[in-house]
Amino acid sequence: MNVLEETGHTPLLRLERLSAKLGAHIWLKDETRNPTGSIKDRVACYCVRRAKERGDITGKKAVIEACSGTLGVSLAMTCAVLGYHLYVVMTTDIPRAQLAQIERYGAVMYPIDPGSGMAEAVRKARLENEDNWHSWYFNQFENPDCVELHRMTTGPEIAADMEREGLRIDAFIDAVASGATISGVGAYLKERDPSVFVRAVEPAESPVLSGGSPGRHGIYGVGFGFVPANFHRGVVDDIYKVETGNAIREARRLMRMEGLACGISTGANIAAAMELARRPEFRGKHIVVMGRDAALPFLTTPLFSRG
């Protein structure tokens, strides 16, 4: 067994104190229990292994990807275990702790200016892949394996855990990065029960999924300024916009009331869940949110600043 075998099968936790004064019950799928502390470990491990099985990565081939710090860390860990070189294209404003992890795992970073955004990182990653015959482009925003992973594993895990509690899933919520989680889990849950309400979350400062314009925001790892191909709009019932400040407040509340140290994107999910839980039609219902990543990589961000 190696560290990759520890990925997945994360616990589903009832947020008892947070739900106490709300009309509904909120549950959190705690992805901080993965090896590097985020849901991206699932995607990195599964997709790189699938590429290896198909023969897309052979011998000393390298992996190339455009990503945020969270996926960068997960890919760097995965490639370190499997013995592949990793080249990541990312903006220089990622948290310092994530950059240090990526470097210590042995990956090489191609930095781009923060103002260029993820669309420019994707363009450069594609060019790097075209110039290197020995590379494989991970392509999180279009790779169908990313969606399939969550339909095959994350969704069934959530459903099985709720069944063990003798409870029904009434709603599922997650913030959109590549779109794979909301699309895969949402599809699986709706196949089982079409009445499950699926809510996508995006930064209010960059509401592109809602038809708005891209903008700078502080909800790390989501809201990249374009609509990813892996975001399957037909699975989603509504899109909820959360301001960065509200996401930070809810991430802090989660620490203070439930003892769960999660990142800012999880705080955005909590904010979206609390709004839903206060609606009369969700009184007594069960809402599941993704706990996307751990808080510690964000020590140098506003999540831990005073005030």
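Predicted, not measured: the structure shown is a model, and the values here were computed from it.
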Flag, side chain of Lys29 to backbone of Val289, donor-acceptor distance under 3.5 Å:
no
Tell me whether Glu202 contacts the main-chain N or O of Ser210 through its side chain, where contact means a donor paired with an acceptor under 3.5 Å.
yes
Assess whether a salt bridge exists between Glu191 and Arg151, defined as any Lys/Arg side-chain N lying under 4.0 Å from an Asp/Glu carboxylate O.
yes
Minimum side-chain heavy-atom gap Arg292-Ser265 below 4.5 Å:
yes
Surrounding CZ of Arg96 (heavy atoms of other residues, nucleotides or ligands, distance under 6.0 Å), is the total greater than 12?
no
May I ask you to decide if Ile158's main-chain N or O and Asp161's side chain share a donor-acceptor pair within less than 3.5 Å?
no
Between Phe172 and Phe197, is the ring centre distance below 6.0 Å?
no
Is the backbone N or O of Lys285 less than 3.5 Å from a side-chain atom of Asp170, with the two atoms forming a donor-acceptor pair by type?
no
Do Glu142 side-chain atoms and Asn230 backbone N/O form a donor-acceptor pair below 3.5 Å?
no
Can you tell whether the side chains of Arg192 and Glu163 come within less than 4.0 Å, N to carboxylate O?
yes
When you look at Asn34 and Glu31, which way does the side-chain hydrogen bond (donor to acceptor under 3.5 Å, both in side chains) test go after all the steps?
CA-CA 6 Å; Asn34 287 311; Glu31 293 296 297; 2.8 Å; yes
Within the side chain of Asn129, is there an N or O that forms a donor-acceptor pair under 3.5 Å with the backbone of Ile64?
no
Looking at Arg49 and Glu5, is there a salt bridge between them, counting it only when a charged N and a carboxylate O are closer than 4.0 Å?
yes
Just say parallel, tilted or perpendicular for the rings of His85 and Tyr87, cut-offs at 30° and 60°.
tilted
Hphob cluster co-occupancy, Ile173 + Leu28, side-chain heavy atoms under 4.5 angstrom:
yes
Around Lys241, counting heavy atoms of other residues, nucleotides and ligands shown, do more than 12 lie under 6.0 Å from its NZ?
no
Would His217 and Thr244 count as a side-chain hydrogen bond (donor to acceptor under 3.5 Å, both in side chains) if you check the C-alpha gap in whole Å, the side-chain angles of each, and the deciding distance to 0.1 Å?
CA-CA 6 Å; His217 63 88; Thr244 297; 4.7 Å; no
Determine whether the aromatic ring centres of residues Phe224 and Phe141 are separated by less than 6.0 angstrom.
yes
Donor-acceptor pair, side chain of Asp174 and main chain of Met290, under 3.5 angstrom
no
Taking the side chain from Glu243 and the backbone from Glu205, do they hold a donor-acceptor pair closer than 3.5 Å?
no
Determine whether Asp41 and Ser74 satisfy the following criterion, side-chain hydrogen bond (donor to acceptor under 3.5 Å, both in side chains), listing intermediate values before the conclusion.
CA-CA 5 Å; Asp41 288 352; Ser74 297; 2.5 Å; yes
Just how far is it from atom OG1 of Thr36 to atom CD1 of Ile102, taken to the nearest 0.5 Å?
10.0 Å
Only counting residues at least two apart or in another chain, list the ones meeting salt bridge (charged side-chain N to carboxylate O under 4.0 Å, His left out) with Glu65.
none
Carboxylate-amine/guanidinium proximity below 4.0 Å for Arg126 and Asp131:
no
Is the backbone N or O of Leu15 less than 3.5 Å from a side-chain atom of His25, with the two atoms forming a donor-acceptor pair by type?
no
Answer whether the closest heavy-atom distance between the side chains of Lys40 and Gln140 falls below 4.5 Å.
yes
Give a yes or no on whether a salt bridge exists between Lys61 and Asp56, defined as a side-chain N under 4.0 angstrom from a carboxylate O.
no
Donor-acceptor pair, distance only, cut-off 3.5 Å: does the side chain of Thr153 make one with the backbone of Leu149?
yes
In this structure, are over 12 heavy atoms from other groups packed under 6.0 Å from Arg233 atom CZ?
yes
Compare all side-chain heavy atoms of His150 with those of Val43 and state whether any distance is below 4.5 angstrom.
yes
With the threshold set at 4.0 Å, does a side-chain nitrogen-carboxylate oxygen contact exist between Glu275 and Arg279?
yes
